[in-house]
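Values reported hereafter were calculated over all heavy atoms of this structure, with side chains retained and with hydrogens, waters and symmetry mates removed.
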There are 2 protein chains.
Amino acid sequence: MHVGASLPDAWAARETFRAAGPETGLVRLRARGSDGRMGPQKTPRTKIQTRNRETILEAALEVFSQHGFRGATLDMIAVEAGLSKPNLLYYFPSKEAIHVALLSQLMDTWLDPLRDLDAAGDPIAELLAYVRRKLQMSRDFPRESRLFANEIVQGAPRMQAALATDLKALVDDKAAVIRGWAEGGRIAQVDPHHLIFSIWALTQHYADFDVQVRAVLGQNRDPIEEAARFLDTLFTRLLAP
Amino acid sequence: MHVGASLPDAWAARETFRAAGPETGLVRLRARGSDGRMGPQKTPRTKIQTRNRETILEAALEVFSQHGFRGATLDMIAVEAGLSKPNLLYYFPSKEAIHVALLSQLMDTWLDPLRDLDAAGDPIAELLAYVRRKLQMSRDFPRESRLFANEIVQGAPRMQAALATDLKALVDDKAAVIRGWAEGGRIAQVDPHHLIFSIWALTQHYADFDVQVRAVLGQNRDPIEEAARFLDTLFTRLLAP
DNA sequence: GTTGTTTTTGACCAAACGGTCAAGGCCACG
DNA sequence: CGTGGCCTTGACCGTTTGGTCAAAAACAAC
């Protein structure tokens, strides 16, 4: 069983399970009302439940990030998790529910680096630190990056709501901070939203398009190490007032 | 039937059908030897064959780029093309063959802007023009961009060979040109490969992650128009010697 | 119009897939 | 140690999917 790099404490500790927006039409699936026999509650109760839900989500991350939603099968996930297929469906009502759970669980963590952008700090240092943190995530959590990439490239059918609400709110907030810096002459005049997009694009590229990057660079090179230096100069030059 | 923006002549004219590398294990599928009944030859002979192959590939582009390889079904493509499913399989031996044909047909066109990078031109003007051309492709051919994105995010199972040979060769070639410019002091000292990656990442982001960009920016904005300005300043600042 | 070839399709098939169910195993707790 | 609830699974089901096939339709050449 492939478990990937051991997750940092903050990562494992996060168990927010933010509910998906009602527009996805998926919440109904989870709320089976109070009919007869059913799987465990939304909030895991026993030790076994928390452990198995974690195992399943870890396996699902591995499989979904590699094959996309349609490309992944319950059998693949079951094998990866070391559980039987009906057992998966004891903990999650459907394949889609596993996917949604994964996405909403990881969303917060994925945006943490942006949240850390501190309006009170030194503008250029703050932004460069953000770039470095995002690049680190591409190195340490490429599967998470690809999971989102797969979802968004295909039109984010299970995430649109979260994008237009939560994500937009956070980005608008931080964009205002950046705009403040620009107007105060502390960084160059650049469009804050597109600055954020550029950071996403440039850092996630090294996770999402890893095979291409490696194919072009050839062997015996460390793409992310090189990218760190390149992006440092790029953003230093771009942001200098 | 969704036909998308009318393709420019140069686009439609291209019919290279570069053979996929033998490593993909797909070429064998096309070469059914000389057994009994079989579909039309690799090289279309009649008018009807060329027309229908084009129709199928156009439909396949629409469907594959939206749903990925596994997410797309032959029925979807058939409906989109206005043909029957067995008819698709009269022109292509399998779903995978359609996908491979699409990828190899589009690969060349996709790289044309990079090929146009002229060692004899003015370095900064050449690079800025490349950025603009790539961004135009994100606007005019988002489906093509997403097709590749889907493929590469999932590990490029049907393209690895082409990446490590054709693509690498072209990029290495152009990287040498850029390195020459840098060493001649005509542009700033930057890693040429990562410079090219950054152009890909920043321009294709607006096609591949379109839903995210639009969700964050809100309505009534033209992402690519704004991106054009932003990327112009970004690369101007980065490349100034 | 007859004939030989190319093109098209309805009916069909086997495998894969998401999901169900009833029954059995397991475990905590009294 | 017994009992009630939690956990697990083999067998099964209906649907979807990629692909086949034989036969019909369309077409081209004479």
Salt bridge (charged side-chain N to carboxylate O under 4.0 Å, His left out) for A:R53 and A:E58? Distances and angles first, verdict last.
CA-CA 9 Å; A:R53 281 186 67 102; A:E58 156 64 31; over 6 Å; no

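Comparing A:N52 and A:K85 by the nucleotide of DNA chain D whose heavy atom lies nearest to each, the residue mapping closer to the 5' end is A:N52. Each of B:P86 and A:L88 was assigned the nucleotide of DNA chain D with the nearest heavy atom; the assignment lying further toward the 5' end belongs to A:L88. Checking A:L74 against B:K47, the closest nucleotide of DNA chain C that is more toward the 5' end is the one next to B:K47.
Taking atom CZ on B:R51 and atom P on C:dT6, their separation rounds to 17 Å, with Å as the unit. Between A:D75 atom CG and D:dG10 atom C1' there is a gap of 13 Å when expressed in whole angstrom units. Rounded to whole Å, atom C1' of C:dG19 lies 13 Å from atom CD of A:E96. If you measure from atom CZ of B:F92 to atom P of C:dT7, you get 13 Å, rounded to the nearest angstrom. In this structure, CD1 of A:I77 is placed 10 Å from P of C:dG19, rounded to the nearest angstrom. Atom-to-atom, CD1 of B:I48 to C1' of C:dT8 comes out at 10 Å; the value is rounded to the nearest Å. Across the protein-nucleic acid pair, A:L89 atom CG and D:dG10 atom C1' stand 14 Å apart, rounded to whole Å. Atom CE of A:M76 is separated from atom C1' of C:dA16 by 10 Å (rounded to the nearest Å).
Of the candidate nucleotides C:dG18, D:dT8, D:dG19, C:dG18 has the atom lying nearest to any side-chain atom of A:K95.
When the salt bridge (charged side-chain N to carboxylate O under 4.0 Å, His left out) test is applied to B:K174, no partner is found at least two apart in sequence or on another chain. Contacts of B:D75 classified as side chain to side chain donor-acceptor pair (under 3.5 Å), with partners at least two apart in sequence or in another chain: none. Considering only residues two or more places apart in sequence or on other chains, A:R70 meets the salt bridge (charged side-chain N to carboxylate O under 4.0 Å, His left out) condition with none of them.
Put simply, A:Q49 has a side-chain N or O that comes within less than 4.0 Å of OP1 or OP2 on D:dC7. For B:N87 and C:dG10, the shortest distance from a side-chain N or O to OP1 or OP2 is not below 4.0 Å. Between A:T73 and C:dA16, a side-chain N or O to OP1/OP2 separation shorter than 4.0 Å is absent. Look at A:S84 and you won't find any side-chain N or O under 4.0 angstrom from OP1 or OP2 of D:dG10. Side-chain nitrogen and oxygen atoms of A:Y90 include at least one within less than 4.0 Å of the OP1 or OP2 phosphate oxygen of D:dC7.
To the nearest 0.5 Å, atom CD of residue B:E80 and atom OG1 of residue B:T55 are 11.0 Å apart.
Scanning residues 63-72 of chain A for heavy-atom distances under 4.0 Å to DNA chain C yields A:A72.
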May I have the list of side-chain donor-acceptor pairs in residues 212-219 of chain B shorter than 3.5 Å, sequence neighbours left out?
from, atom 1, to, atom 2, distance (Å)
B:R214, NE, B:D210, OD1, 2.9
B:R214, NE, B:D210, OD2, 3.2

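Applying the side-chain hydrogen bond (donor to acceptor under 3.5 Å, both in side chains) test to pairs two or more places apart or on separate chains, those with a residue in residues 145-157 of chain A are A:S145-A:D208, A:N150-B:Q154, A:Q154-B:N150.
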